[in-house]
Amino acid sequence: MPFLEFKDVEYSYVSGEDELTKALNKVSFAVERGEFIALVGCNGSGKSTLARLANGLITPDSGQVLVDGMPTTDKSALFDIRKKIGIVFQNPDNQMVTTIVEDDVAFGPENLGLPQDEIRARVDWALKSVGMQDYATSGPFRLSGGQKQRVAIAGVLAIKPELMILDEATGMLDPMGRREVLDVVKKLNRDENMAVIMITHFMEEAAAADRIIVLNGGAKQADGGKELFDTPEVFESAGLDLPLYVRLSRRLKGIGADIGCPLSSDEFARAVANLKGEGEE
């Protein structure tokens, strides 16, 4: 049984004078435990709506969302559902509720009613997992953007969810901050077997995932692995650009210098360096 499953899900917002704007249209997909999925699409494609549907913040107009077999429309199951799925939003400041980092991370476990020694253990583990243990007694609002987002991730981690959804969580960060957060997420997925859905419009981040789901106008346009980068029209028709290094590698292939499909700028640089070395031999 999939951990998370969307079955023909539709959702509309009320806009204007009781007019309905459809955000999702017959969307179906499933997420297994331990998967790392990138959910991509331009603004208005339905990504954030999907995130809120996933843990029952909103419920579908039609279709069904199941978390570990539990429908999100079952109000008696919402507490368990929200323990299983944690969401990190775009602006970390909106998730900060205290003036001390470790107190902020403890907020979720405290609301679960856990014993104090368990809360302490979870806070220490979560902060260490995101590399912020040295800032436990710092004020969160004095941290950099990337550090704040890592604290926000630690706050979700302390609940020990089985799936973490990052809803444009790197959208307000500079490239260094984005890399910090992405490195943490990949480590959690690898070391803790935590399923991840990274909602992003940065295609470099999407390339780090094992699977990519493309939304376009509220509908699922594509769902596949890294081979999707071999069909750029899938992304272009959804208003998305391929990463620069993917575009360059395709141009090199067109002139007979096939370096495969590098999945980061570092991989691209190494592949080009190796290509040059082979040519000099």
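All figures in this text were calculated on a predicted structure; none of them were measured in a lab.
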Would a 4.5 Å heavy-atom cut-off, applied to side chains only, mark L163 and K84 as touching?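 The answer is no; the side chains never approach within 4.5 Å.
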Distance in Å, [X] [atom1] paired with [Y] [atom2], rounded so as to fall on 0.5 Å steps:
X	Y	atom1	atom2	answer
F235	Q221	CZ	CD	9.5 Å
L4	E35	CG	CD	10.0 Å
N25	E10	CG	CD	5.0 Å
N111	I159	CG	CD1	8.5 Å
T98	D103	OG1	CG	5.0 Å
E32	R211	CD	CZ	8.0 Å

Which residues satisfy the salt bridge (charged side-chain N to carboxylate O under 4.0 Å, His left out) test with [X], sequence neighbours excluded?
X	result
D134	none
D124	R120
K128	none

Side-chain donor-acceptor distances from residues 176-189 under 3.5 Å, at least two apart:
unit_1: R178; atom_1: NH1; unit_2: L173; atom_2: O; d: 3.2
unit_1: E180; atom_1: OE1; unit_2: R150; atom_2: NH2; d: 3.4
unit_1: N189; atom_1: ND2; unit_2: G34; atom_2: O; d: 3.1
unit_1: N189; atom_1: ND2; unit_2: M194; atom_2: O; d: 2.9

Please confirm whether the backbone N or O of [Y] pairs with a side-chain atom of [X], one donor and one acceptor, at under 3.5 Å?
X	Y	value
E227	G225	yes
Q147	S144	yes
K47	L39	no
E110	I119	no
S28	D8	yes
R82	N55	yes

Any chance you could lay out the side chain to side chain contact (heavy atoms under 4.5 Å, CB included) test for V130 and V151, step after step, and finish with the verdict? CA-CA 7 Å; V130 300; V151 171; over 6 Å; no
L143/V101 under side chain to side chain contact (heavy atoms under 4.5 Å, CB included): CA gap, chis, key distance, verdict: CA-CA 10 Å; L143 303 176; V101 164; 4.0 Å; yes
List for me each residue that meets side-chain contact (heavy atoms from CB on, under 4.5 Å) alongside [X], sequence neighbours excluded, and say none if there are none.
X	answer
K220	F29, I213, L215, D223
A209	F36, A38
I58	Y11, Y13, T49, R52, L53

Path from [X] to [Y] over hydrophobic side-chain contacts below 4.5 Å:
X	Y	value
V65	F79	no
I100	V105	no
L24	I199	yes
M203	I197	no
M172	I153	no

Through direct or indirect side-chain contacts below 4.5 angstrom among Ile, Leu, Val, Met, Phe, Trp and Tyr, which residues connect to L66?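 Reading the cluster by chain and number, L66 sits alone, since nothing else belongs.
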Output the rest of the hydrophobic cluster of V97: all Ile, Leu, Val, Met, Phe, Trp and Tyr residues reachable through side-chain heavy-atom contacts under 4.5 Å, sorted by chain and number. F107
Taking ring pair (Phe, Tyr, Trp, His ring centres under 6.0 Å) as the cut-off, I'd like each qualifying pair that reaches into residues 128-172, sequence neighbours left out, listed once. none
Assess the residue pair T73 and Q64 against the criterion (side chain to side chain contact (heavy atoms under 4.5 Å, CB included)); give the C-alpha distance rounded to whole Å, side-chain angles, the decisive distance to 0.1 Å, and a yes or no. CA-CA 8 Å; T73 50; Q64 198 173 33; 5.7 Å; no
Looking at [X] and [Y], what are the two nearest heavy atoms and their distance?
X	Y	value
A54	T72	O-CG2, 4.0 Å
L240	C42	CD2-N, 4.1 Å
I165	A51	CG2-CB, 3.9 Å
A106	P109	O-CD, 3.2 Å
A154	A126	O-CB, 3.4 Å

Evaluate the criterion side chain to side chain contact (heavy atoms under 4.5 Å, CB included) for residue pair T170 and Q149; output intermediate values, then yes/no. CA-CA 8 Å; T170 63; Q149 199 59 286; 5.8 Å; no
What side-chain donor-acceptor pairs closer than 3.5 Å can you find for residues 86-96, not counting sequence neighbours?
unit_1: N91; atom_1: OD1; unit_2: D93; atom_2: N; d: 3.0
unit_1: D93; atom_1: OD1; unit_2: K148; atom_2: NZ; d: 3.1
unit_1: Q95; atom_1: OE1; unit_2: F89; atom_2: N; d: 2.8

Could you tell me which residues satisfy ring-ring contact (aromatic ring centres under 6.0 Å, His included) with F3, sequence neighbours excluded, listed by chain and number? none
S45 and N216: side-chain donor and acceptor closer than 3.5 Å?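 Not at all, the side chains of S45 and N216 share no donor-acceptor pair under 3.5 Å.
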